[in-house]
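Worksheet: one structure, shown below.
Only a predicted model underlies this, so the values are computations on that prediction, with no experimental measurement involved.
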Amino acid sequence: MIDDTSTTNEQKTPPRANQRHSSSYDSSTSDEGYCTDDKSPRQDDMHSTTTEIPIIKTTQIIRISYTPITYTLAASIIILSIHTILSQPFPWIHTFPPIFILFHLFFHLTHMTAHLLQCRSMEQNCIVYGTWFYCTGWLLSRFLFSEKLSVQPAYSTTLLFWLLMLERRNAWGIIVWEFTSKLVTTDPSARPSRSIRGLRSLIFHIWCLLGTGSLWGLIYMALAKYDGYHFHYLLQLHHLMKLLLVSTVGGLLMFTYWSFWTFQIKGVLWTEEFRKGIVVWYSEGVGYAAELL
């Protein structure tokens, strides 16, 4: 859902969406060379299906580039994560919490580096896969794994993570929306079959719902034996079912979160990928366009 509370209607952008150019003549010419007022069924269909959808340009500007608040939140998470790791000298009493914190640290270093170096593909993949992986891993560490993450306010970066997600909701939401849209639509010249496009989308959804939790489970099994837990701890049926349930819930939470901010979006036109462009969304039957900077 694009925030449009601060927008004002400036002008209607011509030409209107889906508008078709009509013929210069209202009558058709017969084979004998004279004009007749009878229109062919094809012409009638073309005129009947012509619709005009107004697109209103707004004064709203969506910040795709990182803002000072973005850098402050990300830098705070990085500093707190480093402090937490250094305050627990190796060998660690518990292995999973430091590994999760290291992942969190790596996530923010990666997306900030990719943004500064303008590595578009790396930035998009980090945002799409990293946010799902973080959400599922945190839920598993709180509700399933025996090695709980620290909830001390001084060391917890979860609040800062969600504040960052809220601050970047529109920018990252557009990036996620474009990624998921490309799974089912592609360049017409490539012309993959509908089944292939559907398969790509299915694989992505399975990864988000079950794959992230399964990967965290494999990581945990490899680490738990160093803390006195049996290697097959998670292979018990009730633990396995709980892992898949929590993983599914985490995936659905992320789907719901991104969909809430992006369900009205209809298209994005980049003049500079992930840096500058125009986004179009519909609200109450009217199209709106906002600038991306």
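- Under the 4.5 Å side-chain criterion, counting only non-hydrogen atoms from C-beta, Glu291 is not in contact with Thr59.
- Results of the ring-ring contact (aromatic ring centres under 6.0 Å, His included) test with Trp132 over Phe204, Trp207, Trp138 single out Phe204 as the only residue that passes.
- Taking each heavy atom of Phe96 and Leu223 in turn, the nearest pair found is CA-CD1, 4.1 Å.
- From Tyr288, atom OH reaches atom OG of Ser283 across 5.5 Å, with rounding to the nearest 0.5 Å.
- In summary, the side chains of His115 and His111 do not present any donor paired with an acceptor at a separation below 3.5 Å, with no hydrogens or angles considered.
- Between Gln264 and Tyr282 there is no side-chain heavy-atom pair separated by less than 4.5 Å.
- Residues Cys208 and Thr212 come closest through the heavy atom pair O-OG1, 3.4 Å.
- Here the side chains of Tyr220 and Leu140 are not in contact, with every heavy-atom distance at 4.5 Å or above.
- A ring-ring contact (aromatic ring centres under 6.0 Å, His included) with Tyr134 is found for exactly one of Phe106, Phe161, Phe107, Trp162, namely Phe161.
- Atom CD1 of Ile175 and atom CG of Asn170 lie 11.5 Å apart (nearest 0.5 Å).
- Here Phe100 and Phe133 keep their ring centres 6.0 angstrom or further from each other.
- With sequence neighbours excluded, the residues forming a salt bridge (Lys or Arg N to Asp or Glu O under 4.0 Å) with Arg120 are Glu272, listed by chain and number.
- A continuous path of hydrophobic side-chain contacts links Tyr257 to Leu159 [ILVMFWY only; heavy atoms under 4.5 Å].
- In this structure, the side chain of Arg168 does not engage the main chain of Gly173 through any donor-acceptor pair within 3.5 Å.
- In this structure, Ile127 and Thr131 approach most closely via the heavy-atom pair O-OG1, 2.6 Å.
- By the criterion of side-chain heavy atoms lying less than 4.5 angstrom apart, applied directly or through intervening Ile, Leu, Val, Met, Phe, Trp or Tyr residues, Val268 is not grouped with Leu293; the two fall into different hydrophobic clusters.
- Across all their heavy atoms, Thr84 and Ser87 have their closest contact at O-OG, 2.8 Å.
- Listed by chain and number, the residues in a side chain to side chain donor-acceptor pair (under 3.5 Å) with Thr67 are Thr70, Glu167 (sequence neighbours excluded).
- The shortest distance between side-chain heavy atoms of Ile278 and Leu292 does not fall below 4.5 Å.
- Between Ala290 and Gln60, the shortest heavy-atom contact is CB-O, 3.6 Å.
- Contact annotation: the side chain of Trp281 never approaches that of Val286 to less than 4.5 Å [non-hydrogen atoms, C-beta and beyond].
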*What do the steps show when you test Ser214 against Leu244 for side chain to side chain contact (heavy atoms under 4.5 Å, CB included), and what is the final call?*
CA-CA 7 Å; Ser214 300; Leu244 295 178; 4.0 Å; yes
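- The backbone N or O of Lys276 lies less than 3.5 Å from a partner atom in the side chain of Thr271, making a donor-acceptor pair.
- Judged purely by atom type and a 3.5 angstrom limit, Lys242 uses its side chain to pair as donor or acceptor with the backbone of Phe143.
- To the nearest 0.5 Å, atoms SG (Cys119) and CG (Asn125) are separated by 11.5 Å.
- Between Ile174 atom CD1 and Ile62 atom CD1 the span is 4.5 Å, to the nearest 0.5 Å.
- Enclosure of atom CE in Met122 is not indicated, since only 12 or fewer non-hydrogen atoms of other residues, nucleotides or ligands lie within 6.0 angstrom.
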*Give the C-alpha distance, both sets of side-chain angles, the deciding distance and a yes or no for side chain to side chain contact (heavy atoms under 4.5 Å, CB included) between Val128 and Gln124.*
CA-CA 6 Å; Val128 172; Gln124 185 181 54; 4.2 Å; yes
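- Between atom NE2 of residue His104 and atom CD1 of residue Ile77 there is a gap of 4.5 Å, rounded to the nearest 0.5 Å.
- If you take CG on Leu215 and OG on Ser247, they are separated by 10.0 Å, rounding to the nearest 0.5 Å.
- By the salt bridge (Lys or Arg N to Asp or Glu O under 4.0 Å) test, Glu123 pairs with Arg275, sequence neighbours left out.
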*When you look at Glu178 and Trp270, which way does the side chain to side chain contact (heavy atoms under 4.5 Å, CB included) test go after all the steps?*
CA-CA 11 Å; Glu178 185 178 49; Trp270 299 105; 2.8 Å; yes
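- No continuous path of hydrophobic side-chain contacts links Ile79 to Ile69 [ILVMFWY only; heavy atoms under 4.5 Å].
- Leu240 and Ile219 are assigned to two separate hydrophobic clusters, defined by single-linkage of ILVMFWY side chains at heavy-atom distances under 4.5 Å.
- A heavy-atom distance below 4.5 Å is not found between the side chains of Phe274 and Gln118.
- Hydrophobic clustering (ILVMFWY, side-chain heavy atoms < 4.5 Å, transitive): Trp172 and Ile61 are in distinct clusters.
- Residues Met165 and Met254 are in side-chain contact: their nearest non-hydrogen atoms beyond the backbone lie under 4.5 Å apart.
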*Check against side chain to side chain donor-acceptor pair (under 3.5 Å), Thr136 and Trp216*: CA-CA 8 Å; Thr136 304; Trp216 276 122; 6.0 Å; no
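- The nearest pair of heavy atoms linking Gly250 to Leu139 is CA-CD1, 3.5 Å.
- Using a 4.5 Å cut-off on side-chain heavy atoms (C-beta onward), Ile265 and Val280 make no contact.
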